[in-house]
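All values reported here derive from a predicted model rather than from experimental measurement.
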Amino acid sequence: MFFNSLHFALFLPIVFLLYWFVGYKSKINQNYILILASYYFYSCWDWRFLFLLVFSTLLDYVSAIQIEKRQTTRERKMWLWACITINLGFLGVFKYYNFFAQSFAEMAHSFGFTASPFLLKLILPVGISFYTFHGLSYIIDIYYKRIKSERNFVDYSLFVSYFPLLVAGPIERATHLLPQLKIRRKFNFNKAQEGIYQIVWGLVKKVVIADSCSIYANEIFNHYTTLNSLSLILGAIYFAFQIYGDFSGYSDIALGASKLFGIDLLRNFNYPYFSRDIAEFWRRWHISLSSWFRDYLYIPLGGSKGNKLFQVRNTFLIFLVSGFWHGANWNYIAWGFINALYFLPLLLRNRNRKNIDDFKLGFNFDSFTTLANILMTFSITCFAWIFFRAKTITDALLYIKRMLTNLHFNEEYFRIERYSHNLIPLVLVFVVVEWNNRHKIEPISGKYSWFMLSLCLAAIIALGVFSDYKEFIYFQF
């Protein structure tokens, strides 16, 4: 079930009505309704993989209790690593087994050996990377005694399978979400209104921006060998807005839908394309994943302690693992490596925490410098996105080579029977709106909120929100 589908447009109001008119009397009823709705939501993709979700939930639930009960560090560590190994084992089989098998065969072939890898015909379970990380953060927090184990299985099951965040995040923490699930939620009209506004704005990002950009980005990346430099540059820019509109749009819909049930989720995006350096970009992009790697991998490895070589090692490891998390393909690893290279000068000069304050632009030299830094950060981010979007590293390198050598900047008429300039005004308007919203808590708010809501709904309907159900990019991760 997609957030941008008619199915979800019917599903969400039904769950909302059941939740507030049937389950309002107790937390137990509310949680039962949400967990049944969540399992139905997941089963609409493929009901056979419900067993995997339930097994992962049971594994983490039992392991957490056992870790808490054990008296010795050895026993606690045994349960921890058993749980981590099994969780990552399932993730590895479904997501990475074929990648490693094929890579091993290709490496053997390069040394003159013949290898025929045994490949598994498996479908990647949607959301497995996200709910696996939900469970792992919970288990690790239990091990370090940051929280107590949850004994109510329904509450814990809802924490793992809560449908707004189930298939593409944000990656929640037990310290933030579980306390909200253990109390009865009371209806708050203002919060519900904010939720509706956020859902609509998320649909604008997905349907109006991401899906429009995808038409051009797909055309350009699929036929890059025949296009000139201008088209290829625009292709990278369009994909940058496609993936931002797609994923941040999903996050907005998830946060908005959750507000309808009186539950707050973690913010996942904070206007990343207005970042002044790559370190600030990663504090603003996919915040829940970046903070997960920081807290559960980077800091345990030593973080920023020790000498510079030690810090560089940890930084590269985090970015490479982050790239690999996104998919079993060398181009994702290359994308992570490039971002690590971007981060390196800031780390070596101790400037990776420089841009943590807010800023305003005016008519002065500092504002000019700030704007130049924003444009530079956006440019290198778009360059890295080429590796993320291309099918292989070879395709990415050939794309870049043609972009830098076929120096023609005339407009081209695409096979989709459109010129590239058709999309530019829409993207520019979106950038202006995002810039105006960057200091607001809610994207649609204020005196003219109903007018803005009407404009957004008109744009969504005009572009056919329910026509083809274009899948969200992060469903594949």
Under 3.5 Å side-chain donor-acceptor pair for N228 and N406: no

Side-chain heavy atoms of F387 within contact of I338, under 4.5 Å: yes

Full working for side-chain hydrogen bond (donor to acceptor under 3.5 Å, both in side chains) between S288 and N268: CA-CA 6 Å; S288 63; N268 214 18; 2.8 Å; yes

Side-chain (T315) to main-chain (Q311) donor-acceptor, under 3.5 angstrom: yes

Stepwise ring pair (Phe, Tyr, Trp, His ring centres under 6.0 Å) check, F337 with F319: CA-CA 6 Å; F337 181 78; F319 277 107; over 10 Å; no

For the student: nearest non-hydrogen atoms of A390 and N331, plus distance: O-ND2, 2.9 Å

CA sep, side-chain torsions, deciding dist, call: I84, L136, side chain to side chain contact (heavy atoms under 4.5 Å, CB included): CA-CA 7 Å; I84 291 175; L136 289 179; 3.9 Å; yes

Side-chain donor/acceptor of S137 to backbone N/O of H134, under 3.5 Å: yes

pair F378-C382: side-chain heavy atoms closer than 4.5 Å: yes

Any S275 side-chain heavy atom under 4.5 Å of N355 side chain: no

Student check: side-chain heavy atoms of I278 and N352 closer than 4.5 Å: no

Parallel, tilted or perpendicular, as decided by the 30° and 60° cut-offs, for the rings of H326 and H286: perpendicular

Y138 side chain to R173 backbone, donor-acceptor under 3.5 Å: no

Partner residues of F383 under the ring-ring contact (aromatic ring centres under 6.0 Å, His included) criterion, sequence neighbours left out: none

L423 and S212, any side-chain heavy atoms less than 4.5 Å apart: yes

Gap separating the CG atom of L203 from the CD1 atom of I209, nearest 0.5 angstrom: 12.5 Å

Plane angle bin for F247 and F269 - parallel if under 30°, tilted between 30 and 60°, otherwise perpendicular: perpendicular

Stepwise salt bridge (charged side-chain N to carboxylate O under 4.0 Å, His left out) test for R353 and D277: CA-CA 10 Å; R353 300 289 298 176; D277 59 44; over 6 Å; no

From I393 atom CD1 to N329 atom CG, the distance as rounded to the nearest 0.5 Å: 7.5 Å

Whether W285 and F281 hold their rings parallel, tilted or perpendicular, with breakpoints at 30° and 60°: parallel

From T226 atom OG1 to I220 atom CD1, the distance as rounded to the nearest 0.5 Å: 10.0 Å

Contact summary for D264 and K191, nearest pair of heavy atoms: OD2-NZ, 3.1 Å

Give every donor-acceptor pair under 3.5 Å between a side-chain atom in residues 339-347 and any protein atom, sequence neighbours left out.
| residue | atom | partner | partner atom | Å |
| --- | --- | --- | --- | --- |
| N339 | OD1 | W282 | NE1 | 3.1 |
| N339 | ND2 | W335 | O | 3.0 |
| Y342 | OH | I380 | O | 2.8 |

Side chains of Y224 and D395, donor plus acceptor under 3.5 Å: yes

Short N-O contact, E280 and R284, less than 4.0 angstrom: yes

4.5 Å side-chain heavy-atom contact, E219 and Y238: no

Between Y131 and T57, a side-chain donor and acceptor under 3.5 Å: no

Y197 (side chain) donor-acceptor with G256 (main chain) under 3.5 angstrom: no

Parallel, tilted or perpendicular: rings of Y42 and W45 (30°, 60°): tilted

4.5 Å side-chain heavy-atom contact, I253 and W201: no

F430 and V204, any side-chain heavy atoms less than 4.5 Å apart: no

Ring geometry between W292 and Y296 (parallel below 30°, tilted from 30 to 60°, perpendicular above 60°): tilted

Short side-chain donor-acceptor distance under 3.5 Å, N218 and R389: yes

Atom pair CD1 (I140) and CG (D295), whose distance is rounded to the nearest 0.5 Å: 10.0 Å

Distance-minimising heavy-atom pair for R276 and D358: NH1-O, 4.5 Å

Under 3.5 Å: donor-acceptor pair, side chain of S322, backbone of I318: no

Centroid-centroid under 6.0 Å between F3 and F8 rings: yes

Evaluation steps, side chain to side chain contact (heavy atoms under 4.5 Å, CB included), between L232 and I386: CA-CA 10 Å; L232 298 180; I386 294 173; over 6 Å; no

Pairwise distance CZ(R438) to CG(N270) - rounded to 0.5 angstrom: 11.0 Å

With E172 via salt bridge (Lys or Arg N to Asp or Glu O under 4.0 Å) - residues at least two apart: none

Non-neighbouring partners of F163 that pass ring-ring contact (aromatic ring centres under 6.0 Å, His included), sequence neighbours left out: F11, F41, F261

Donor-acceptor pair, side chain of S258 and main chain of A254, under 3.5 angstrom: no

Spacing of CG belonging to L375 relative to CG belonging to L371, to within rounding of 0.5 Å: 4.5 Å

Donor-acceptor pair, side chain of S56 and main chain of L52, under 3.5 angstrom: no

Minimum heavy-atom distance V160-L165, with the two atoms named: O-CD1, 4.5 Å

Whether W385 and F239 hold their rings parallel, tilted or perpendicular, with breakpoints at 30° and 60°: perpendicular

Cationic N near anionic O, under 4.0 Å, K206 to D252: no

Verdict with reasoning, Y332 to F324, per ring pair (Phe, Tyr, Trp, His ring centres under 6.0 Å): CA-CA 6 Å; Y332 294 124; F324 197 48; 9.4 Å; no

Contacts of R349 that satisfy salt bridge (Lys or Arg N to Asp or Glu O under 4.0 Å) - sequence neighbours left out: none

NZ/NE/NH1/NH2 to OD/OE distance under 4.0 Å, D246 and K205: no

Any side-chain donor near an acceptor of the partner, N190 and K259, under 3.5 Å: no

Listed partners of L407 passing side-chain contact (heavy atoms from CB on, under 4.5 Å), at least two apart: S229, F409

Closest approach of L317 to L301 (non-hydrogen atoms, all atoms of both residues): CD2-CD1, 3.2 Å

Shortest non-hydrogen contact from L53 toward S161: CD2-CB, 4.0 Å

Mutual orientation of the aromatic rings belonging to Y40 and H7 [parallel < 30°, tilted 30-60°, perpendicular > 60°]: perpendicular

